[in-house]
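One structure, as structure tokens, below. Some questions next.
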Amino acid sequence: MQATAEKLISSPAPRILIVGKPNCGKSLFFNSLTGLNHKVSNFPGVTVEVKSGTYQEYEVIDFPGLYSTQALSRDEHIAIAELNREFEQDHLGAIFFVADITCLESSLKLADELSKRAKAQQVPFLVLMNMADQLSLSLGSAELDKVSKIFNAPCFLFSARKKEGFDKIFNYLRTEKKNHLKSLPVMESADAHEVSVETRKQMLADILDRHRERSLKTGFWFDHIFLSPIWGGLAFLLIMTMIFQSVFTWAVPMMDLIESILSQNGQMVASLFSSPTAVSFVKDALFGGIGAFLVFVPQIFMLTLVVGILEDSGYLARAALICHRPLSFFGLSGKSFVPLLTGHACAIPAIYAARTIESPRRRRLTMLVTPLMACSARLPVYGLLVATLIPNVLFMGGFIGLQGLVFAGLYLLGIVVALVVSVLVGRITPREEGDDTPFIMELPAYRWPHWRTILPRSFRISVTFVKKAGPIIFLVTGIVWALGYFPGGEGELDRSFLSILGKFMEPVFAPLGLDWKFGVAVLTSFLAREVFVGTLGTLFGIENSDEDWQGLSEKLSQSELTLASGFSLLVFYAIALQCVSTVAVLKDELGSKRWALAALVGFGVLAYVMAFLTYRILS
Amino acid sequence: MSDKEKTCRLSELAVGEEAIFDGYCGSMSKVYQDRLADLGFIGGVKVACVRRLPFKGPLMLRVFSSIYSLGLELASQLRVKRIDQGSC
């Protein structure tokens, strides 16, 4: 006992574990304490991670949400394994069990399990009741004492959103630490564990019901609208439209700003060099390649922002509920909805998000078809080709545009192919024991999303995307530029090494109506599909010495790209799995090279066949 | 138990109806029994049917102040005793 106490005082940074059920406000509490903007959540839509930061003299660890110490889904397995590892660490300073006071009873069983372990290791265990600001009436000290007795642990009211009640918690912890050194354990109290969990839950309900009447009523009325057959369906369509509007309309001012900054800087940087080779590199490889891709980052930011708002508001869990039955027809689950929606931003976090699906079969199918969603890396390709091929015709007073309709069609194509693939793969793969697990989901309370978690998360995802794709694009466009520039130099693309290589491969792409330049762009984009625009920007830049994105679209329309070959290219990009990172993540998450390889080859062949058919039909 | 209480499947509850959770019908994996117990589905606990999603979609249920959604197939494996009048 003395040894444990010494460990506590000698440790330079006692570790505080923040644990609790999903969506109880752990991450907002963690972000408020540490200033780090990490999101750790277990509801569909977010990668399961364990994050750490510092607050005063403590190291704070944020854990993904748990329902129990017995894992059911893959994300819970990961979280529980990590929690067990933390319990084995020496300098565990305290466990903060965060619980949502609006549904406190549901946390009691998990709190019991964890507090027993904490007490066995003589670690302070505090129950922190979040969302105190949601109560209609404040909880009196006598009631708080009763709740503490029911939990058999000191309980505190706080609000992670309003940053209220933090001082009381840490003052108690410091006082407790002193007591800890005198006599351990110090928090054994009352007779709580002798009373059944159900009885104690009822005792909690008796204390809390009159305080949370308002939040229960609000939740009921929101569900009445969002889950009703008519209004719910309309709200769903409206929200989905809003998501795509945010990508294609609201992001435009930011895109224009980035484009103008890049354009000005491109001219300025190029003017610093006198060597034609250096000027061509800056203009065609650097600004023509990477610049064309950076313009689309605001769309990624906007999409993750809107999805984040919906997730934190509690709506996405309802959307999963609405979609459960329709998706079941295709061998998927309601919980597949959020990975599939997130897949429209990036397949990688979306594949991680599928960990929350308990059924191995449905999880595998969701992960396999997620890369078919029109991710943001496809946006630059779609944007360039649609702007090139489709005239900007507007209908209904400018409310609907032909280009927008083609865009929507491409998104729909990805979804339809994903559903068909899901059914086919589901049919041909043998069923295994435990494959068909039941649908169980807790619906979080509705609440206002907080910018402190959403805005920094969207920013982080956008930066990560640039960091991840940037080096690959830089490398590929650099190589493409070098192969296209030498030996002839600017304007001599037809005599370049790239021309020799491209013409050698031309027979592969000829059935799709594509010449060697597009063949090279398709081939280089198997590393990452957004490379396509950069490669074309570099190729046409070398040929024509111009670098801006709109210029590239004009050049493409003057090239040999016809409507039929352009659409075959669009269909190819809608289906092919051209992302090395996604293949690697699929391999890890599916635990099999075979599945990842099957997805890469299968989607590649399917894309080629469908692109060929598109070309033949349209020409 | 009063005479009004009748045993039926959870999936048979009408919207707004309350019942007492009684156990499982047929063979349900212990893992899922445990998870349901973690969520509060323990013998003697009151369960209320809040909403039924259309086209045989999932059920929304309230246990204490928490709202859960259970697939219809799963709900049909859970046995409850009705509190309100009605027949199964």
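Protein chains get the first letters and strands the later ones, always in sequence-line order, with residue 1 at the start of each.
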Which atoms form the tightest heavy-atom contact between B/S66 and A/C103, and what is the distance?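 B/S66 and A/C103 have their closest heavy atoms at OG-CB, 3.4 Å.
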
Report, by ascending residue number, the residues of residues 224-237 of chain A in heavy-atom contact with chain B at a distance under 4.5 Å; give 'none' if the set is empty.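 Answer by number: A/H224, A/L227, A/P229.
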
Examine whether an atom of A/L208 lies under 4.5 Å from a heavy atom of chain B, and if so say whether it belongs to the side chain, the backbone or both; otherwise answer neither. neither

Please classify the contact of B/I42 with chain A as side chain, backbone, both or neither, using a heavy-atom distance under 4.5 Å. side chain

What part of B/L36 lies closer than 4.5 angstrom to a heavy atom of chain A: side chain, backbone, both or neither? side chain

Where do A/K201 and B/G40 come nearest, in terms of heavy atoms and distance?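 Closest heavy-atom pair between A/K201 and B/G40: NZ-CA, 3.4 Å.
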
Return yes when atom OH of A/Y446 has more than 12 non-hydrogen atoms of other residues, nucleotides or ligands closer than 6.0 Å, and no otherwise.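 Yes.
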
Can you tell me how far the CG atom of B/L39 sits from the CD atom of A/E442, to the nearest 0.5 Å? 6.5 Å

Return the CZ to CG distance between A/F439 and B/L59, rounded to the nearest 0.5 Å.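 So the CZ of A/F439 and the CG of B/L59 are separated by 11.5 Å.
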
I'd like to verify something: which residue of A/L204, A/V197, A/I440 has the highest number of heavy-atom pairs under 4.5 Å with chain B?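 Ranked by heavy-atom pairs under 4.5 Å with chain B, first place is A/I440.
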
Under the side-chain contact (heavy atoms from CB on, under 4.5 Å) test, which residues partner A/A205, sequence neighbours left out?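 For A/A205, the residues satisfying side-chain contact (heavy atoms from CB on, under 4.5 Å) (neighbours in sequence not counted) are A/E105, A/Q202, A/D209, A/R212, B/F64.
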
Engaged part of A/T102 at the chain B interface, taking heavy atoms whose separation is under 4.5 Å: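 Contact with chain B involves the backbone of A/T102 alone.
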
Heavy-atom distances under 4.5 Å only: say whether A/Q70 touches chain B with side chain, backbone, both or neither. backbone

Tell me, which pairs form a side chain to side chain donor-acceptor pair (under 3.5 Å) where one or both residues lie in residues 34-46 of chain B, sequence neighbours left out?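 Output for this query lists A/S68-B/D38, A/E76-B/R35, A/K109-B/D38, B/K30-B/D34.
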
Only pairs under 3.5 Å count here: list side-chain donor-acceptor contacts from residues 69-80 of chain B, not counting sequence neighbours, and write none if there are none.
residue	atom	partner	partner atom	Å
B/S76	OG	B/E73	O	2.6
B/R79	NE	B/D22	OD2	3.1
B/R79	NH1	B/Y24	O	3.1

When rounded to the nearest 0.5 Å, the distance separating OG of A/S328 from CZ of B/F55 is 14.0 Å

Looking at B/R51, B/M60, B/R62, which one has more heavy-atom pairs under 4.5 Å with chain A than the rest?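 Option with the greatest count: B/R51.
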
